[in-house]
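Heads up, the thing below is written out as structure tokens.
All values derive from a computational prediction rather than experimental measurement. All ligand and atom numbering here is 1-based and tracks the order in the structure. Worth knowing before you read on, the calculation uses all heavy atoms, side chains too, and leaves out hydrogens, waters and symmetry mates. The first residue in the sequence is number 1, and the count goes up from there.
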Amino acid sequence: MGTPGAGKGTQARALAARSKACHISTGDALRDAVRNGTPLGREAERSMGQGLLVPDDVVIGIVEDRLAAADCQGGFLLDGFPRTLPQARALDALLARRKQPLDFAILLAVPREEAVRRLAGRRVCDGCGTMYHLAFDPPRDAACCDRCGGSLAQREDDREETIRHRMDVYARETAPVLDHYRKAGLLREVDGTGSPDEVLERLAAKVA
Ligand code: AP5
């Protein structure tokens, strides 16, 4: 968990690569659906472009399907879910049914201004999905992916106005979810500042 731009995706991918856990990102799943023009993608596109949350039942359905997939039977790492109290309660019920309890929830703590800087400079390859940051992790050519030569683009919701909106939605809808896990004794906080490698080592120590 963490604000937009806290580094959830960067760290979840790196942590999953070190373990048997699958990486479940509701944001990635929704962006795939938008790219593929599925009915779910068409429903989600407008909310995402405006920095609003997609309806709870849609994302709960995505997580339920992914948890049942073969690659998630060795464990899972949720990225960007749950983001509302109803999502957190639905996850509790789902995991109880699956007899697969949550080990912990991790909050990646990053000051708002730093998170905004990270989002404003983010560029993503439209070919292979590799993520860059113009200042912190720049590609050799600002327009081209180092890995596959694809075009680099700014995410629709990474424009300044929408970033501010997403931060407000986080404070209103998602911050209360932290209390849900704090009360359950499951919340672990990790300092998300510093280089991605430094954050990864801090995280790995917290989950060991
Ligand atoms: P989602 O994709 O989940 O977006 P988000 O939570 O806003 O998070 P981001 O992906 O923007 O940031 P991040 O924390 O993953 O940071 P990242 O590692 O990418 O969701 C998008 C939308 O989908 C939502 O707005 C909503 O509409 C919908 N949605 C998704 N889940 C939903 C749900 N559960 N319920 C309802 N709607 C949902 O890093 C950001 C940048 O910083 C990158 O450029 C990276 O290279 C750089 N960076 C990372 N770490 C560092 C570091 N340590 N130092 C310097 N730069 C760094």
*Counting each atom of ligand 1 from 1 as listed, which ones have a heavy atom of Leu119 under 4.0 Å away?*
11 (O)
*Taking both backbone and side-chain atoms of Pro82, is any N or O found less than 3.5 Å from an N or O belonging to ligand 1?*
no
*For ligand 1, which atoms sit closer than 4.0 Å to a heavy atom of Tyr132?*
44 (O)
*Would you please determine whether Glu198 falls within less than 4.0 Å of ligand 1 on a heavy-atom basis?*
no
*Should Arg164 and Glu160 count as an ion pair when the cut-off is N to O under 4.0 Å?*
yes
_Under 4.0 Å, counting heavy atoms only: does Gly2 come that close to any atom of ligand 1?_
no
_Shortest reach to atom 45 (C) of ligand 1 by a heavy atom, considering only Glu114, Glu173, Arg122, Met131_ = Met131
*Please determine if Asp158 and Arg122 form a salt bridge, counting it only when a charged side-chain N lies under 4.0 Å from a carboxylate O.*
yes
*Which residue and heavy atom of the protein sit nearest atom 12 (O) of ligand 1, plus the separation*: Gly5 N, 3.0 Å
*Within reach of ligand 1, part of Leu53 (heavy-atom separation under 4.0 Å)*: both
*asked:* Using a 4.0 Å heavy-atom cut-off, which part of Ser195 comes near ligand 1: side chain, backbone, both, or neither?
replied: backbone
*N/O of Val199 under 3.5 Å from N/O of ligand 1, yes or no?*
no
*Heavy-atom contact under 4.0 Å between Tyr170 and ligand 1?*
no
*Decide yes or no for His133 and Arg123: does some side-chain heavy atom of the first lie under 4.5 Å from some side-chain heavy atom of the second?*
no
*Is Asp71 paired with Lys20 through a side-chain N to carboxylate O contact shorter than 4.0 Å?*
no
_Looking at ligand 1, is there an atom of it that comes within less than 4.0 Å of some heavy atom belonging to Leu30?_
yes
*Of all the non-hydrogen atoms in the protein, which one sits nearest to atom 26 (C) of ligand 1, and at what distance?*
Leu52 O, 3.5 Å
*Which atoms of ligand 1 are found less than 4.0 Å from any heavy atom of Phe136?*
55 (C), 56 (N)
_Protein heavy atom at shortest distance from atom 22 (C) of ligand 1_ = Met48 CE, 4.0 Å
_So for Ala44, does at least one of its heavy atoms come nearer than 4.0 angstrom to any atom of ligand 1?_
no
*asked:* Do Thr38 and Asn36 pair up side chain to side chain, a donor and an acceptor below 3.5 Å, judged on atom types alone?
replied: no
*With a 3.5 Å cut-off and no angle check, do the side chains of Asp92 and His180 form a donor-acceptor pair?*
yes
*Taking atom 24 (C) of ligand 1 as the reference point, the nearest protein heavy atom with its distance*: Arg83 NH2, 3.8 Å
*For Glu173 and Asp168, indicate whether the former's side chain and the latter's backbone hold a donor-acceptor pair under 3.5 Å.*
no
*To the nearest 0.1 Å, how far is atom 31 (N) of ligand 1 from its closest protein heavy atom, and which atom is that?*
Thr26 OG1, 2.8 Å
*asked:* Which of the numbered atoms in ligand 1 are under 4.0 angstrom from any heavy atom belonging to Gln87?
replied: 33 (C), 34 (N), 35 (N), 36 (C)
*Would Thr162 and Asp157 count as having a side-chain donor-acceptor pair, cut-off 3.5 Å?*
no
*Measuring from the heavy atoms of Arg155, does anything fall under 4.0 Å of ligand 1?*
yes
_Nitrogen or oxygen atoms of Gln11 and ligand 1 under 3.5 Å apart_ = no
*asked:* I need the atoms of ligand 1 closer than 4.0 Å to a non-hydrogen atom of Ala6, numbered in the order shown.
replied: 14 (O)
_Can you name the atoms of ligand 1, numbered from 1 with element, that are less than 4.0 Å from a heavy atom of Gly9?_
13 (P), 15 (O), 18 (O)
*Do any N/O atoms on Val54 end up under 3.5 angstrom from N/O atoms on ligand 1?*
yes
*Look at the SG atom of Cys128 and the SG atom of Cys148, then say if they are under 2.5 Å from each other.*
no
*Should Gly80 be counted as touching ligand 1, given the test is an N or O pair under 3.5 Å?*
yes
*State whether Arg18 and Glu201 are salt-bridged, where the test is any N-O pair (Lys NZ or Arg NE/NH1/NH2 against Asp/Glu carboxylate O) under 4.0 Å.*
yes
*Salt bridge Arg31-Glu45, side-chain N to carboxylate O under 4.0 Å*: no
*Nearest to atom 39 (O) of ligand 1, what protein heavy atom do you find, and at what distance?*
Thr10 OG1, 3.7 Å
*Best match, Gly7, Ser47, Ser25: closest heavy atom to atom 16 (O) of ligand 1*: Gly7
*Pick whichever of Pro86, Gly194, Gly121 has a heavy atom sitting closest to atom 53 (N) of ligand 1.*
Gly194
*Heavy atoms only: which of Arg118, Arg117, Glu156, Lys8 is nearest to atom 48 (N) of ligand 1?*
Arg118
*Below 3.5 angstrom, do we get any N/O pair linking Arg166 and ligand 1?*
yes
*Search all heavy atoms of Asp141 against all heavy atoms of Asp146 and return the closest pair with its distance.*
N-OD1, 4.3 Å
